[in-house]
Protein chains: 2
Amino acid sequence: MSKTLPFRQAPTPLKASCHTCSLSKLCLPLAVNETDLESLEDIVQQGRIYNRGEHIFDQSTSFRSCFAVRSGAVKTSIVSEDGEEQITGFFLPGELVGLDSMSGDFYACTAKALERTSICEFPVQKLEELTSRLPDLQHHMYQLMSQEIQHSHQLTMLLSKNTAEERIAALLLSLSTRFQRRRLSGIRFSLPMARNDIANFLGLAVETVSRVFTRFQNQGLIRARGREVELLDIPALQGVSRELSRQVCP
Amino acid sequence: MSKTLPFRQAPTPLKASCHTCSLSKLCLPLAVNETDLESLEDIVQQGRIYNRGEHIFDQSTSFRSCFAVRSGAVKTSIVSEDGEEQITGFFLPGELVGLDSMSGDFYACTAKALERTSICEFPVQKLEELTSRLPDLQHHMYQLMSQEIQHSHQLTMLLSKNTAEERIAALLLSLSTRFQRRRLSGIRFSLPMARNDIANFLGLAVETVSRVFTRFQNQGLIRARGREVELLDIPALQGVSRELSRQVCP
DNA sequence: CGCAGACTTGACCGCGCTCAATGCGAGTGG
DNA sequence: CCACTCGCATTGAGCGCGGTCAAGTCTGCG
């Protein structure tokens with residue numbers, strides 16, 4: 001992933017080539033036809049590369065752009081007054097970060113790269129101008145934001161009604177689905193996030209996540225060594241997570 | 001509330017008069033100037049009146065419109081595969097219902113009137129056409145949807161990190177704020193929803209909600225008799241809910 | 001090699017769920 | 001008017017899931 005790219009790209013707004021991007025059918029270009037694609041490419045900037053742990057923005061950054069993940073993975077989180085963190089989403093390639101920040105002058109959350117990550121940047125002012133001119137793109141933006149709301153509601157239900165096992169099964173299945181969308185294996189993959197992040201996202205303690213992982217392993221549902229995971233019995237996992245055939249998050 | 005209106009209005013698309021609506025500074029008209037307001041009024045239909053418990057739409061209704069609450073109150077909920085319900089929001093006058101449904105052909109949730117409720121209807125197709133022409137209105141739509149995402153994330157944090165007392169304090173304060181916005185008392189008001197709904201929304205058992213209410217009452221934080229509530233010590237409540245100065249939900 | 005951070009495992013305990021009984025107000029009919 | 005019911009709310013007793021605390025174990029990196 002992100003193989004031949006320089007370690008840290010100069011902040012020169014490099015014009016992106018959505019035409020040749022393998023993610024164009026997951027991302028914003030999905031909405032526009034061939035002729036309009038160029039208008040979109042005109043406003044998209046190919047962003048820099050972020051190393052694991054680097055901030056893309058935080059809640060004190062003034063809001064300018066939404067970002068699409070090109071490779072790698074991103075987590076977003078909010079921090080409460082008393083300093084507690086809540087991860088609000090994990091974003092994989094093709095998914096859009098920052099839709100929750102389109103009100104207000106600052107980002108509503110903090111975005112951090114979970115691994116080596118490359119992103120595309122959509123300056124919102126230009127994006128809004130463009131969506132005014134391209135009804136299909138506007139429609140697509142509404143759809144994306146609406147889906148974000150839906151996914152968040154699904155997460156609400158997961159947290160409010162489901163046990164630790166159910167939550168973790170749901171997350172594993174969600175990741176599996178999203179890997180498959182990108183024509184990667186939905187059976188064996190590498191978790192982009194630490195146990196800690198999983199725990200935080202799902203409202204659990206790290207120890208609980210760990211225990212559930214080993215329990216699943218003993219039951220033959222998965223095989224896990226560190227971040228490497230193999231889903232051995234997906235139907236059984238779906239049984240455990242007796243809800244959420246739809247994914248948890250974007 | 002909704003005093004002189006007929007019991008059930010004929011489905012004649014009655015043109016709404018946002019000009020004279022006391023909620024115009026909370027609702028969509030906020031975004032548009034005097035001259036554009038007429039364009040908005042052209043597409044808004046004054047909806048019918050719903051009695052307590054009536055469905056406005058459910059997950060099998062094909063998606064056509066977003067709705068603004070004019071008077072009364074609405075709850076939205078999603079139902080999982082195994083039939084469990086999760087309330088995703090309470091909507092008071094001036095707040096917009098249906099933003100989570102702007103992807104897909106059907107509503108993403110079920111909306112039910114909690115009391116005698118009057119609503120305005122915004123057909124989305126016309127709304128999208130209009131937001132294409134009025135950049136300020138488009139911007140406002142993005143803002144509203146973005147806020148909806150943020151509120152949902154706040155709720156996620158509440159469910160994932162906070163105790164029963166903290167959740168309930170946060171909800172009471174949220175309601176208080178929202179009543180005040182409409183220049184009603186933020187101190188003494190009547191809960192639009194049953195204990196059951198509060199429990200479901202906050203991921204608790206009814207019994208727990210009941211217990212916390214009486215505990216708050218014994219501590220002199222509130223006075224509650226049925227749905228009538230009086231907040232006696234708001235600072236203390238804010239102390240209990242050590243997060244969420246922002247409201248939980250729209 | 002050694003240290004730090006991530007992960008696992010175990011022991012214990014408390015918050016909030018479950019189950020069950022009771023209280024209470026509104027609506028209904030005798 | 002009371003008796004009855006039905007839905008909603010309250011209160012109590014008991015227990016289990018998952019959090020907390022505390023050791024270990026594993027892993028990668030300087």
Side-chain angles (χ1 to χ4, degrees), chain A residues 51-53 73 75 84-87 112 114-116 157-172 190-219 222-229 240-242, chain B residues 51-54 75 84-87 112 114-116 157-172 190-219 222-229 240-242:
Chain A
N51 286 315
R52 172 188 288 211
K75 74 169 178 185
E84 255 184 319
E85 184 186 14
Q86 169 69 51
I87 295 177
K112 209 179 201 181
L114 287 169
E115 46 192 63
R116 202 124 218 295
M157 169 169 269
L158 200 67
L159 294 185
S160 138
K161 301 272 186 306
N162 294 30
T163 65
E165 297 200 352
E166 290 161 350
R167 299 183 205 185
I168 290 174
L171 178 62
L172 289 175
S190 158
L191 297 171
M193 73 294 279
R195 298 281 189 277
N196 230 324
D197 292 331
I198 296 178
N200 183 300
F201 180 63
L202 296 177
L204 299 169
V206 202
E207 296 92 326
T208 305
V209 174
S210 208
R211 275 186 258 268
V212 170
F213 265 76
T214 51
R215 214 176 303 158
F216 280 173
Q217 189 144 357
N218 293 338
Q219 294 168 356
I222 67 171
R223 237 169 41 82
R225 275 180 48 91
R227 297 195 172 190
E228 294 304 318
V229 174
V240 171
S241 130
R242 38 180 177 76
Chain B
N51 285 316
R52 172 188 288 211
E54 267 192 284
K75 75 169 178 185
E84 255 184 320
E85 185 186 13
Q86 170 69 51
I87 295 177
K112 209 179 199 180
L114 286 169
E115 46 190 64
R116 203 128 218 293
M157 169 169 268
L158 200 66
L159 295 185
S160 137
K161 300 272 186 306
N162 294 33
T163 66
E165 297 200 351
E166 290 162 349
R167 299 183 204 184
I168 290 174
L171 178 62
L172 289 175
S190 158
L191 297 172
M193 73 293 279
R195 298 283 188 277
N196 228 325
D197 291 332
I198 296 179
N200 183 300
F201 180 63
L202 296 177
L204 299 170
V206 202
E207 296 91 328
T208 305
V209 174
S210 207
R211 274 185 258 270
V212 171
F213 266 76
T214 51
R215 213 176 305 158
F216 280 173
Q217 189 144 355
N218 292 338
Q219 293 168 356
I222 67 171
R223 237 170 42 82
R225 273 180 50 91
R227 298 196 173 189
E228 295 304 318
V229 175
V240 171
S241 130
R242 36 179 180 77

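Here is the naming used below: chain letters follow the sequence lines, and residue numbers restart at 1 for every chain.
Protein atom CZ of Arg215(B) is 18 Å distant from nucleotide atom P of dA9(D), rounded to whole Å. Regarding Glu166(B), its CD atom lies at a distance of 15 Å from the P atom of dG19(D), rounded to whole Å. Counting to the nearest Å, the P atom of dT10(D) and the CZ atom of Phe213(B) are 8 Å from each other. As a whole-Å value, the separation of Lys161(A) NZ from dG18(D) C1' is 18 Å. If you measure from atom CZ of Arg211(A) to atom P of dC21(D), you get 14 Å, rounded to the nearest angstrom. As rounded to whole Å, 12 Å separates atom P of dC8(D) from atom CG of Leu114(B). Taking atom CG on Leu202(A) and atom C1' on dG18(D), their separation rounds to 13 Å, with Å as the unit. In this entry the distance linking CE of Met193(B) with P of dA9(D) reads 11 Å, nearest Å.
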Practice prompt. Give the intermediate values and the outcome of side-chain contact (heavy atoms from CB on, under 4.5 Å) for residues Phe213(A) and Arg195(A).
Written response: CA-CA 10 Å; Phe213(A) 265 76; Arg195(A) 298 281 189 277; 4.1 Å; yes
Item to complete: For Phe201(A) and Arg167(A), run side-chain contact (heavy atoms from CB on, under 4.5 Å): C-alpha distance rounded to whole Å, both residues' side-chain angles, the deciding distance at 0.1 Å, then the answer.
Response: CA-CA 10 Å; Phe201(A) 180 63; Arg167(A) 299 183 205 185; over 6 Å; no
Worksheet entry | CA sep, side-chain torsions, deciding dist, call: Leu191(A), Ile198(A), side-chain contact (heavy atoms from CB on, under 4.5 Å) | CA-CA 10 Å; Leu191(A) 297 171; Ile198(A) 296 178; 4.1 Å; yes
Item to complete: List the steps and the verdict of side-chain contact (heavy atoms from CB on, under 4.5 Å) for Leu172(B) and Ile222(B).
Response: CA-CA 10 Å; Leu172(B) 289 175; Ile222(B) 67 171; 4.3 Å; yes
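Considering CE of Met157(A) and CD of Glu84(B), their distance stands at 6.5 Å, rounded to 0.5 Å.
Paired with Val212(B) under the rule side chain to side chain contact (heavy atoms under 4.5 Å, CB included), one option of Leu204(B), Ile168(B), Thr163(B) passes, and it is Ile168(B).
Arg223(B) CZ: 12 or fewer foreign heavy atoms inside a 6.0 Å radius.
In terms of phosphate contacts, Thr214(B) brings a side-chain nitrogen or oxygen within less than 4.0 Å of OP1 or OP2 of dT11(D).
Boundaries of the chain A contact region on DNA chain C are dC7(C) to dA11(C), first to last in 5' to 3' order (nucleotide atom under 4.0 Å from a heavy atom).
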Item to complete: Heavy atoms under 4.0 Å is the rule here; annotate nucleotides 22-30 of chain D 5' to 3' with B where the base is hit, S where only the sugar-phosphate is, and - elsewhere.
Response: B----S---
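In this structure, Gln86(B) contributes its side chain and Asn200(B) its backbone to a donor-acceptor pair below 3.5 Å. Proximity of a side-chain donor or acceptor of Glu228(A) to a complementary backbone N or O of Arg225(A) within less than 3.5 Å is not detected.
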